Amino acid sequence: MNELNSLVDSAHKLFSAAPTVTDLENAKAQFLGKSGRITELMKGLATLPVEEKKSRGAAVHAAKVAIEGALGTRRAELAQAALDKQLAAEALDVTLPGRTVGGGGLHPVSITMERIESIFSSMGFSVAQGPEIESDWFNFTALNTPEDHPARSMHDTFYVQGESGGAPLLLRTHTSPMQIRHAVAHVKRHRGRLDAGQGMPEIRVIAPGRTYRVDSDATHSPMFHQCEGLWVGEAISFKDLKVSFTDFCRTFFESDDLVLRFRPSFFPFTEPSAEIDIQFQSGPLAGRWLEVAGSGQVHPNVIRNMGLDPEHFMGFAFGMGPDRLTMLRYGVSDLRLFFDGDLRFLNQF
Ligand code: DAH
């Protein structure tokens with residue numbers, strides 16, 4: 001290999017090995033700089049005889065072009081590498097799924113409550129709310145359950161310090177006190193018409209909410225939900241209870257062939273009283289009787305405590321358990337799942 005070829009060759013090697021642009025420019029200076037090898041060779045041409053100058057000059061020029069070519073190639077390589085590096089660092093994977101904002105959802109029991117409210121609203125019932133800290137009077141006495149009544153023992157609850165109108169305070173054991181509260185307010189609003197013997201618009205209300213008892217197992221929780229229903233007028237009978245509650249259950253469970261059974265029972269505030277059982281005709285619970293509510297014709301003493309004359313007013317009441325309705329609707333077997341706050345369970349609704 002002649003001297004020029006090996007010069008070109010060493011420029012090639014040096015340039016290819018230059019890791020950075022700065023290294024490359026320093027390497028370039030060795031060949032093409034002011035006192036670089038090629039520059040020196042060019043200067044040396046001046047002293048050569050004319051003939052030799054021509055051929056030697058062409059050869060040096062060719063070497064210079066080759067070295068410049070190698071330099072250009074390496075510059076392009078380094079620029080591309082720098083660009084690739086930047087692109088990799090700033091890469092965006094547009095195929096990644098987007099980050100969604102986790103939408104909250106309603107608790108399954110709230111879904112049931114809303115469902116109950118919308119079904120009864122469509123039947124002309126209004127929705128009332130009442131206090132969870134209730135007086136002994138509204139929770140028991142006004143509901144025909146005096147202090148020594150044995151039915152009180154089934155409603156063991158949590159007592160709260162203080163009193164209201166001389167009666168002790170407690171966490172309400174059922175939503176039934178709302179029967180009295182709502183009816184008393186309703187009667188007060190229509191007192192004028194009543195006193196003038198003009199009658200009164202019917203009381204037709206449901207009262208959903210939280211209730212409390214000293215009870216805890218797979219089907220009982222110290223805090224649970226109830227929904228009370230009350231319809232009082234001049235001739236509201238057990239037949240109306242059967243029709244409206246049957247309608248409600250069939251709509252709630254979306255099952256037209258659902259069968260209801262009114263099983264005689266006892267509650268101090270109704271006479272006669274009945275437990276309401278339902279039976280599905282298909283699905284996993286088909287054929288079994290499942291208790292969903294207590295109900296009955298409102299007791300005359302309770303009508304009286306509402307401020308009405310039992311000779312003129314009558315009606316029915318019921319109290320059901322939205323927690324149990326939720327368990328039946330979704331096939332949940334342990335009530336406690338509703339109140340553990342475990343998102344793996346709650347996210348399924
Ligand atoms: N309050 C009753 C309970 O918690 C349920 C109940 C039964 C409510 C009969 C009613 C009713 O309104 O008429 O056990």
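In this text the structure is predicted, and so the values were computed from the model without any measurement.
Between F245 and F120, the angle of the ring planes lies from 30° to 60°, which puts this pair in the tilted group. Ring-plane geometry between H149 and F266 is classed as parallel, the angle between the planes falling under 30 degrees on a 0 to 90 degree scale with a further cut at 60.
Linking ILVMFWY side-chain heavy atoms closer than 4.5 Å, directly or via other members, places V298 and F267 in a single hydrophobic cluster.
Remark: N347 CG is packed, more than 12 non-hydrogen atoms of other residues, nucleotides or ligands lying under 6.0 Å away. No more than 12 heavy-atom neighbours from other residues, nucleotides or ligands sit within 6.0 angstrom of NZ on K34. The environment of H190 atom NE2 is dense: over 12 non-hydrogen atoms of other residues, nucleotides or ligands sit within 6.0 angstrom. Crowding of H61 atom NE2: a count of heavy atoms from other residues, nucleotides or ligands under 6.0 Å not exceeding 12. No more than 12 heavy atoms of other residues, nucleotides or ligands shown are found within 6.0 angstrom of CD1 on I133. A 6.0 Å sphere centred on CD of Q198 holds more than 12 heavy atoms belonging to other residues, nucleotides or ligands.
Between the side chain of T39 and the backbone N or O of S35, no donor-acceptor pair lies under 3.5 Å.
R210 forms no cation-pi arrangement with F224, by the criterion of a distance under 6.0 Å to the ring centre and an angle within 45° of the ring axis. Because its NZ or CZ atom is both nearer than 6.0 Å to the ring centre of F252 and within 45° of the ring axis, R329 counts as a cation-pi partner of that residue.
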Please evaluate residues R250 and D256 with respect to the criterion salt bridge (Lys or Arg N to Asp or Glu O under 4.0 Å), reporting the C-alpha separation (whole Å), side-chain torsions for both, the decisive distance (0.1 Å), and the verdict. CA-CA 5 Å; R250 289 185 177 161; D256 284 339; over 6 Å; no
Given the rule in the side-chain contact (heavy atoms from CB on, under 4.5 Å) test, do V160 and L170 qualify, once you have shown the distances and angles that lead to the verdict? CA-CA 5 Å; V160 174; L170 44 79; 5.8 Å; no
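At least one side-chain heavy atom of I111 sits less than 4.5 Å from a side-chain heavy atom of F349. Taking the side chain as every heavy atom from C-beta outward, H186 and M200 approach each other to under 4.5 Å. The closest side-chain heavy-atom distance from L83 to L87 is below 4.5 Å. Inter-residue side-chain proximity for L24 and F15 is flagged as met; some heavy-atom pair is nearer than 4.5 Å. In this structure the side chain of L325 reaches within 4.5 angstrom of the side chain of F253, judged on heavy atoms. You'll find the side chain of S126 stays beyond 4.5 Å of the side chain of R204, heavy atoms only.
Taking the charged nitrogens against the carboxylate oxygens, R324 and E291 have no contact shorter than 4.0 Å, which rules out a salt bridge. For E311 and R304, the salt-bridge test fails: no basic side-chain N is under 4.0 Å from an acidic carboxylate O. A salt bridge links R181 with E134; the closest basic N to acidic carboxylate O contact falls under 4.0 Å. Using a cut-off of 4.0 Å between Lys/Arg side-chain N and Asp/Glu carboxylate O, E25 and R74 are scored as not salt-bridged.
To the nearest 0.5 Å, the span separating CD on E275 from CZ on F262 amounts to 11.5 Å.
S135 and S164 are not linked by any side-chain donor-acceptor pair at a separation below 3.5 angstrom, with hydrogens and angles left out of the test. No hydrogens or angles considered: nothing links the side chains of T270 and Q297 as a donor-acceptor pair under 3.5 Å. In this structure, a donor-acceptor pair under 3.5 Å is present between the side chains of D309 and H312. Judged purely by distance below 3.5 Å, without hydrogens or angles, the side chains of T141 and R152 pair a donor atom with an acceptor atom. Using modelled atom types and a 3.5 Å distance limit, the side chains of S221 and D323 yield no donor-acceptor pair.
You'll find the ring centres of Y212 and H174 outside the 6.0 Å limit.
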